[in-house]
Amino acid sequence: MWRVRILRVLVPALLVPFLILLALELRPRRGAVELPSDEDEPLVLATGVELVSLEGATRLFDLKAKKYFEPDAGHRKVEGVERLDVFRDDASPLRITADLADIRGEAPRRVAIVEGGLNVRDDEAGMELSLPTLEIHEESREARSRGQVRFRAPGYEGTAAAVVYPLDDRPTVFRGLVIESSLGDRMVASEARFLPGSEQIELTDDVRFSNGPTWLESPAMTVRRDAEDGWIRGVEAGLGVRGETVSPGRPETSFRADRVEAEWSGPGVVSRLALLGRAVLTQDGGRALAASSLTALRTDDADGLDGWDVAADGGVVARAMHEGRPATLSATTLIGRVDPEGILVRGDAIGSIRFEHGPSLATADRGTLRRVGPWQEITLTGLNDAKARLSQAATFSSGRDSSKCGMRAPATSPGRSAGPGSRQATSCIVATAASRLQSVSDLQTVSRGRARRVCGMLVPVGSSSQFQSGIVPW
């Protein structure tokens, strides 16, 4: 009986722990809880950190961030980058703020990837940039962008497909560049180099500069900016330049030259223009001007009035259509004064002057142009007892200019050249709106008409009068 009673007590006592264990095994389980690994959530080693990286006595970068991590060997992360100063040899440091910086490797081959809310300030160029990601390569000493770059500086802003900041003395390089200024200038280039220690930008490959109705294209261009306000002070384009200006109510004018130079005396105020080397201006209606060089300089005259001193030098040829035929004036040099409205006030054509229109020809050593009311007057003069000649033309119908000049007009008949026995002018030939050649109005072609605003030099424009002048508003 005791034995049975003991078994009755002992068996339930042995079964109770077993049933408890079984119930625990069969109940629903929660997910396992693990300590964070280095890969998933690295341990924060420090907050409010400030680091300085040196290579000997050379300072590489200064860093101030909110959190510092070391996920594994040779791998560091910082969050809340309040300041990352990356030092350069020949320029002020790049000053960077961002959400995150991931630094891998050991000196001198470290690579830092900075991203998230990324802003870069380049005090040397007076420029601020925003971009998705910046890679800083210690070995190649470069900071390279990833993704489109937006930038702004005093007086202009723009975008670029990429930017490379060398940390040594090489220039900063922008690729796929577009710049727009507050004054309406626009520059586009495949590549641009911002030269350290200067205000110059070198643009290369498919360069286009435009302002309002005027544009020019060139394989290479250098732009000089104002150090304080950023406005353009000068442009030099080379290796073959072409351009065009189109304004409402004015003839379409195109130009080309080996090199083009322009200078500004203030924001948006052009003070000098030059087309250098095989310069050619063309206009609607077959009008053209060609010379080795064409220049225009903004100055005040003796009365303090604003205007332009213009010059064409070396093989000057001006051409226009008149009465269905080309009229051509050629000279060695052509200089003049143009008023602010673009009208030629006075001018001189010098050396080997030749005027042709159909069968008519006039030659001289010098030609003087001046404004007479709404007209332009040209006087052809022979120097050192040389004669100014007019062939294939009849006499003047007005004696006013003959007496003024103290000369006799050539007594030839239509279709006949002035030969050695012909009476010719001993000093000059004058033609104005009041004087007219009976057979063809040769010199009148040069002298009549109101001026229009065209591209910088004495050029042919207009319908009834062919050679006039003006300035393009750059």
Please determine whether a side-chain nitrogen of the Lys or Arg among [X] and [Y] lies less than 4.0 Å from a carboxylate oxygen of the Asp or Glu.
X      : Y      : value
Arg141 : Glu139 : no
Glu128 : Arg150 : no
Glu180 : Arg186 : yes
Arg225 : Glu199 : yes
Glu142 : Arg170 : yes

What pair of heavy atoms forms the shortest contact from [X] to [Y], and how long is it?
X      : Y      : result
Val316 : Thr332 : CG2-O, 3.5 Å
Leu183 : Asn211 : O-ND2, 3.6 Å
Arg109 : Glu138 : N-OE1, 3.5 Å
Ala291 : Asp313 : CB-O, 3.8 Å
Leu129 : Val163 : CD2-CG1, 4.5 Å
Val207 : Pro219 : CG2-O, 3.9 Å

Quiz question: by atom type and distance under 3.5 Å, do the side chains of [X] and [Y] form a donor-acceptor pair?
X      : Y      : result
Asp309 : Thr299 : yes
Arg110 : Ser53  : yes
Ser271 : Ser265 : no
Asp122 : Tyr165 : yes
Ser254 : Thr282 : yes

Answer yes or no: does atom [atom1] of [X] have more than 12 heavy-atom neighbours from other residues, nucleotides or ligands under 6.0 Å?
X      : atom1 : answer
Arg88  : CZ    : yes
Arg278 : CZ    : no
Asn119 : CG    : yes
Glu356 : CD    : yes

For a side-chain contact (heavy atoms from CB on, under 4.5 Å) check, start with the C-alpha distance between Val111 and Arg104, then their side-chain angles and the critical distance, and finish with the verdict. CA-CA 6 Å; Val111 176; Arg104 295 177 182 268; 5.5 Å; no
Roughly how far apart are [X] [atom1] and [Y] [atom2], rounded to 0.5 Å?
X      : Y      : atom1 : atom2 : answer
Ile232 : Met187 : CD1   : CE    : 4.0 Å
Arg224 : Ile201 : CZ    : CD1   : 12.0 Å
Arg121 : Ser130 : CZ    : OG    : 14.5 Å
Thr47  : Leu45  : OG1   : CG    : 10.5 Å
Leu134 : Leu118 : CG    : CG    : 6.0 Å
Trp231 : Ser182 : CH2   : OG    : 12.0 Å

Got a sec, which residues hit side chain to side chain contact (heavy atoms under 4.5 Å, CB included) with Asp62, two or more places apart in sequence or on another chain? Val52, Arg59, Arg83, Asp85, Phe87
Report the C-alpha separation of Arg272 and Glu261 in whole Å, then their side-chain angles, then the decisive distance to 0.1 Å, and conclude whether the salt bridge (charged side-chain N to carboxylate O under 4.0 Å, His left out) test is met. CA-CA 8 Å; Arg272 178 179 175 270; Glu261 297 177 357; 2.9 Å; yes
Would a 4.5 Å heavy-atom cut-off, applied to side chains only, mark [X] and [Y] as touching?
X      : Y      : result
Phe151 : Leu177 : yes
Leu63  : Val81  : yes
Ile179 : Val223 : no
Thr97  : Leu84  : no
Glu244 : Phe255 : no

Would you please classify the geometry between the Phe174 ring and the Phe194 ring as parallel, tilted or perpendicular, with 30° and 60° separating the classes? tilted
For the pair [X] (side chain) and [Y] (backbone), establish whether a donor and an acceptor sit closer than 3.5 Å, ignoring hydrogens and angles.
X      : Y      : answer
Ser190 : Asp205 : yes
Asp226 : Asp229 : yes
Ser92  : Glu124 : yes
Arg298 : Val270 : yes
Ser292 : Gly314 : yes
Ser218 : Gly238 : yes

Under the salt bridge (Lys or Arg N to Asp or Glu O under 4.0 Å) test, residues paired with Glu217 that sit two or more places apart: Arg208, Arg242
Given the rule in the side-chain contact (heavy atoms from CB on, under 4.5 Å) test, do Leu294 and Leu289 qualify, once you have shown the distances and angles that lead to the verdict? CA-CA 9 Å; Leu294 304 173; Leu289 175 67; 4.0 Å; yes
List the steps and the verdict of side chain to side chain donor-acceptor pair (under 3.5 Å) for Thr253 and Gln283. CA-CA 5 Å; Thr253 302; Gln283 237 182 19; 3.1 Å; yes
Show your working on side-chain contact (heavy atoms from CB on, under 4.5 Å) between Met221 and Phe209 and close with a plain yes or no. CA-CA 9 Å; Met221 187 181 302; Phe209 176 91; 3.9 Å; yes
Arg146 vs Ile113, test: side-chain contact (heavy atoms from CB on, under 4.5 Å). Steps then yes/no. CA-CA 10 Å; Arg146 271 200 236 155; Ile113 300 176; 3.6 Å; yes
